[in-house]
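Everything quoted here is computed from the prediction, not taken from an experiment.
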Amino acid sequence: MFLHSVNLGNVAFYAFMVLMATLGLRDVFFGFEENKCSMSYMFEYPEFQKIELPKKLAKRYPSYELYLYGEGSYAEEHKILPLTGIPVLFLPGNAGSYKQVRSIGSIALRKAEDIDFKYHFDFFSVNFNEELVALYGGSLQKQTKFVHECIKAILRLYKGQEFAPKSVAIIGHSMGGLVARALLTLKNFKQDLLNLLITQATPHVAPVMPLDRFITDFYMTVNNYWILNARHINLTTLSVAGGFRDYQVRSGLTFLPKLSHHTSALSVVSSAVPKTWVSTDHLSIVWCKQLQLTTIRAFFDLIDADTKQITQNSKKKLLVLNHHFIRHPAKHFEEKPAIISDLTVTPLWVPVKVSKWTYVAYNESDKIYFTFPLANHRKIYTHAYCQSTMLDTNSWIFGCINSTSMCQQGVDLSWKAELLPTMKSLTLRLQDYPSLSHLVVYVPSIHGSKFVVDCEFFKRETRSIQLPVTHLFSFGLSSRKVKLNTSGLFYNIELLNFGQIYQAFQVNVDSKCSGVKEEITSIYKLHIPWSYEDSLTIAQVPSSTEISLKLHVAQPDNDSHVALLKMYTSSDCQYEVTIKTSFPQILGQVVRFHGGALPAYVVSSILLAYGGQLYSLFSAGHCLEYATMLDKEAKPYKVDPFIFFLLIMAMYKWFKEIWDVLLLPELDVIVLTSQSMCFPLVSLILFLFGTCTAYWGGLLASTAVRLLASLWLALKRPSELPKDIRMLSPDLPLLTAVLIIISWATCGAFAILLTYLYYVFKIVHLQASVTNFKNSPTVNPKHSRRSDKRCNQHKEAAAHPPRLSAGEAEDSLRMHTTVATLLAWVVLLCVPSLVYWLKNLRYYFKLNPDPCKPLAFILIPTMTILGNTYNVSIKSSKLLKTASQFPLPLAVGVIAFGSTHLYRVPCFVFIPLALHALCIF
């Protein structure tokens with residue numbers, strides 16, 4: 001069968017495609033920084049107190065529960081309700097546990113202890129029974145309704161208290177964040193019940209794997225509601241992504257849509273969050289100590305001192321979130337910071353007239369003000385830059401107005417500063433502050449500490465260097481370099497033409513230092529101005545540092561900003577920056593953004609090969625090998641031009657109107673284009689990957705059938721080849737009816753799996769019969785077909801049903817193996833709902849709603865008929881030519897409508913299978 005048709009050239013090509021796919025997968029799963037998150041620990045034994053819900057509610061949702069988190073004495077005290085704190089509800093995600101709340105709950109408890117419980121938070125958590133809602137969307141609406149009931153139950157726990165809350169804050173991990181957003185779509189939900197929503201690694205834009213229509217319908221309902229009602233949604237929302245370490249939910253999916261009317265939404269990657277600066281994987285985002293500390297600091301800054309609850313002031317909430325998650329000035333949050341500050345009277349006012357200045361402070365006994373007159377500097381320079389390695393939260397840099405040598409009051413410029421891992425820095429464009437006469441740097445009196453303050457004045461053109469990125473198809477063979485020859489402290493490398501998600505580069509920063517005895521720290525920050533996805537690299541110089549450049553979100557068409565590599569350098573070192581295209585990372589971006597569409601391309605390739613086999617059976621009377629037909633028929637030019645044509649035609653209004661009249665869904669390529677996800681040649685790459693997977697899948701299927709047949713022969717040796725059944729067995733209707741009843745009474749995917757196993761059993765039995773016949777010592781394989789024909793003629797003369805010859809049986813095996821390979825992908829796409837059903841079997845026997853039930857009703861009779869059909873029975877059918885022509889348009893349809901809606905793929909598979917089955921009649 002398959003093994004006999006192996007072509008070394010094809011094997012070499014498909015092995016090369018496996019290598020390419022491996023490079024892409026390696027970048028996705030291993031091409032990121034090590035996990036730099038610190039583990040968060042509980043200081044006391046964690047306890048989860050179950051909150052009793054009304055009996056009707058518990059009966060309606062038997063698998064769901066609500067818990068209150070506590071530790072030690074706090075847990076003991078709060079076993080006696082009501083509560084007195086600020087309620088926060090944690091919603092776990094796909095297969096998530098309610099116990100994941102313990103990390104942030106424990107940190108919040110420690111923070112409350114530090115302020116003697118002046119304020120404290122009560123952390124609740126919902127137990128969703130670790131449901132696989134990313135694989136099965138039928139329970140998302142149920143979860144949403146239960147969360148609504150939980151919110152009302154939580155608020156009842158505070159009834160009668162002096163500062164009783166009227167709303168709750170929600171932290172949603174993964175799909176839990178989407179469930180929280182879905183609350184607003186409920187008819188009887190009051191938006192006032194929510195005051196803040198923070199989501200962690202939640203795919204807001206689209207499902208990671210759209211495996212059933214319930215998931216996509218749920219997403220459409222939620223996102224459409226938020227878009228259409230943007231003017232009326234006053235819920236402050238923060239979405240935090242994990243960065244490249246999170247390969248389960250790519251960060252581009254977590255960015256909330258930027259609506260002109262909804263300004264209370266922020267989206268940020270954890271690597272850009274101040275005081276966090278690390279990428280997190282999908283699970284560590286809930287326990288990463290750096291991120292949870294930042295979150296809790298924000299929560300405490302959100303408290304209104306009058307109500308002792310989270311503030312209702314949307315402007316303040318947004319200011320707090322910006323302060324902690326976007327740009328931290330190295331100062332404690334103040335809602336209305338004092339712009340003018342009083343400067344302490346001190347005799348030590350030291351004028352500095354040079355353009356570049358460094359001061360090393362160690363055991364300073366007196367406070368010192370260093371003043372920089374700006375009048376002369378304005379004539380020569382455009383910018384001033386200062387940095388300090390003292391990471392306290394006091395004001396440290398001021399601007400004096402109309403002063404000669406000292407001033408009693410100054411404009412506090414510290415709020416304009418930016419906190420970095422090892423220092424705080426400030427860059428001022430001098431023309432923006434025409435009224436300032438002096439710049440003042442404050443050095444406090446310290447004991448036992450050492451820090452360094454640097455300032456310099458510079459022209460923008462000397463520190464902003466343009467570096468065009470290398471071409472996508474240079475494959476890393478060429479590079480571009482820039483040298484930073486001046487001894488500055490700060491540089492902006494403008495990365496020209498870098499703004500697409502399919503671009504990926506390797507940057508190498510070489511530093512050489514002279515006369516340096518101790519280690520110097522340099523910071524390289526990739527700044528993406530159109531989205532908060534910055535990342536930092538800390539290097540000890542002199543060294544050679546590698547930095548990966550790739551994007552989570554493409555640059556919008558109406559955005560003219562340039563991506564920057566901000567370099568905080570040492571004046572004692574020289575730096576050289578080299579950039580080149582990284583081909584493995586480009587493949588990684590293809591896999592990261594489009595890997596979920598691979599099943600559609602695999603099925604499309606198999607459909608093309610299947611159609612070729614049906615046509616060869618019609619035209620030549622026999623079925624060609626799967627590998628041969630895959631090589632001959634599975635060509636990108638048979639699919640891609642049609643999709644490209646449809647995409648062009650969709651631009652015309654008349655065509656779109658006809659399209660809508662026919663009730664056809666939107667082309668998936670249009671959806672990808674709207675999300676800026678269309679790579680050059682991406683469809684070709686995916687088609688090649690799909691054909692490669694189809695090839696090795698066919699080889700695996702053929703090998704598995706042979707091995708199972710050998711096992712069957714070892715257990716039970718068949719006596720003869722099967723009959724050429726031209727009439728269906730009377731047992732088939734009974735078997736079909738039983739399987740349909742199973743699909744109706746339990747789970748459609750379960751019935752499809754059983755039917756598939758029956759189909760595989762029939763193939764294995766046929767393979768075992770052929771193998772046994774060939775290995776029989778009484779039969780000469782060279783003359784088996786001739787003897788079979790004589791035998792068949794004799795039997796026909798005797799009016800007995802003819803049996804298959806060995807050649808006819810092998811011919812049928814080739815077709816059956818292809819069908820089994822095709823059906824295997826249908827079963828794989830149905831397995832998620834099966835897993836969900838098995839996991840919840842103790843709560844209910846029938847899956848409702850069941851995404852696979854309609855498919856099962858059609859596929860079961862089709863598969864049972866095909867399992868008892870042989871090529872010799874159908875090659876004279878008048879319907880065979882029609883059946884052979886259907887796979888090509890269906891292969892196009894799979895890509896056009898199933899690449900981002902995988903649940904549609906089986907719908908395109910059963911049509912040619914049903915026509916194939918009808919050929920027997």
Do [X] and [Y] have a side chain donor and acceptor closer than 3.5 Å?
X: His204; Y: Arg181; answer: yes
X: Ser174; Y: Gln200; answer: no
X: Ser103; Y: Ser40; answer: yes
X: Asp301; Y: His323; answer: no
X: Asn508; Y: Ser544; answer: yes
X: Thr581; Y: Ser474; answer: yes

Verify side chain to side chain contact (heavy atoms under 4.5 Å, CB included) between Gln574 and Leu484, making sure each step is shown before the conclusion.
CA-CA 6 Å; Gln574 300 294 313; Leu484 313 182; 6.0 Å; no
Ring pair (Phe, Tyr, Trp, His ring centres under 6.0 Å) partners of [X], counting only residues at least two apart:
X: His471; result: Phe473
X: Phe90; result: none
X: Tyr219; result: none

Pairwise side-chain contact, [X] with [Y], heavy-atom cut-off 4.5 Å (strictly under):
X: His173; Y: Pro92; answer: no
X: Thr294; Y: Pro274; answer: no
X: Ile528; Y: Leu526; answer: yes
X: Asn223; Y: Phe218; answer: no
X: Ile198; Y: Ile170; answer: no
X: Ile523; Y: Pro421; answer: yes
X: Tyr575; Y: Val541; answer: yes
X: Leu238; Y: Thr199; answer: no

For the [atom1] atom of [X] and the [atom2] atom of [Y], what is their distance to the nearest 0.5 Å?
X: Ile326; Y: Leu319; atom1: CD1; atom2: CG; answer: 12.0 Å
X: Glu33; Y: Thr537; atom1: CD; atom2: OG1; answer: 8.0 Å
X: Leu321; Y: Leu196; atom1: CG; atom2: CG; answer: 6.0 Å
X: Leu467; Y: Asn497; atom1: CG; atom2: CG; answer: 10.5 Å
X: Tyr385; Y: Glu456; atom1: OH; atom2: CD; answer: 7.5 Å

Quick one: does [X]'s side chain have a donor or acceptor within less than 3.5 Å of a partner on [Y]'s backbone?
X: Gln506; Y: Gly476; value: no
X: Ser511; Y: Ser543; value: yes
X: Gln290; Y: Lys36; value: yes
X: Ser284; Y: Thr280; value: no
X: Thr295; Y: Leu291; value: yes
X: Ser279; Y: Gly242; value: yes
X: Tyr225; Y: Leu184; value: yes
X: Thr311; Y: Leu302; value: no
X: Asp246; Y: Asp281; value: no
X: Thr237; Y: Leu235; value: yes

Has [X] got more than 12 heavy atoms of other residues, nucleotides or ligands less than 6.0 Å from its [atom1]?
X: Tyr532; atom1: OH; answer: no
X: Lys580; atom1: NZ; answer: no
X: Asp557; atom1: CG; answer: no
X: Lys356; atom1: NZ; answer: yes
X: Arg480; atom1: CZ; answer: yes
X: Lys316; atom1: NZ; answer: yes
X: Phe644; atom1: CZ; answer: no

Go through the steps for Tyr433 and Leu413 under the test side chain to side chain contact (heavy atoms under 4.5 Å, CB included), then give the verdict.
CA-CA 11 Å; Tyr433 301 90; Leu413 300 174; 4.1 Å; yes
Thr254 and Ser251 have their tightest heavy-atom pair at OG1-O, 2.7 Å
Compare every heavy atom of Ser395 with every heavy atom of Ser414, then report the nearest pair and how far apart it is.
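Closest heavy-atom pair between Ser414 and Ser395: OG-CA, 3.3 Å.
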For Ile397, the option from Asp412, Val411, Leu439, Val453 that meets side chain to side chain contact (heavy atoms under 4.5 Å, CB included)
Leu439
Do Phe505 and Phe498 make the cut of ring centroids closer than 6.0 angstrom?
yes
Using the benzene-type ring in the case of Trp, are the ring centres of Phe244 and His552 under 6.0 Å apart?
yes
Could you check whether Arg460 pairs with Glu494 (Lys NZ or Arg NE/NH1/NH2 to Asp/Glu carboxylate O, under 4.0 Å)?
yes
Should the pair Glu335-Lys317 be classified as a salt bridge under the 4.0 Å nitrogen-to-oxygen rule?
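So Glu335 does not pair with Lys317 through a salt bridge.
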Step by step, work out the side chain to side chain contact (heavy atoms under 4.5 Å, CB included) result for Phe255 and Ser239.
CA-CA 7 Å; Phe255 278 68; Ser239 175; over 6 Å; no
Decide ring pair (Phe, Tyr, Trp, His ring centres under 6.0 Å) for Phe490 and Tyr568; before the verdict, give the C-alpha distance in whole Å, the side-chain angles of both, and the deciding distance to 0.1 Å.
CA-CA 5 Å; Phe490 173 76; Tyr568 301 87; 5.2 Å; yes
Quick one: do Phe689 and Tyr601 satisfy ring pair (Phe, Tyr, Trp, His ring centres under 6.0 Å)? Show the steps, please.
CA-CA 8 Å; Phe689 282 169; Tyr601 283 87; 9.9 Å; no
Please step through side chain to side chain contact (heavy atoms under 4.5 Å, CB included) for the pair Asn35 and Arg245, ending with a clear verdict.
CA-CA 8 Å; Asn35 193 347; Arg245 279 194 62 85; 3.5 Å; yes
For a side-chain hydrogen bond (donor to acceptor under 3.5 Å, both in side chains) with Glu418, tell me which candidate from Lys525, Lys424, His328 qualifies.
Lys525
Testing Gln503, Arg592, Lys550 one by one against Gln585 for a side-chain hydrogen bond (donor to acceptor under 3.5 Å, both in side chains), which residue passes?
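Exactly one candidate clears the test, Lys550.
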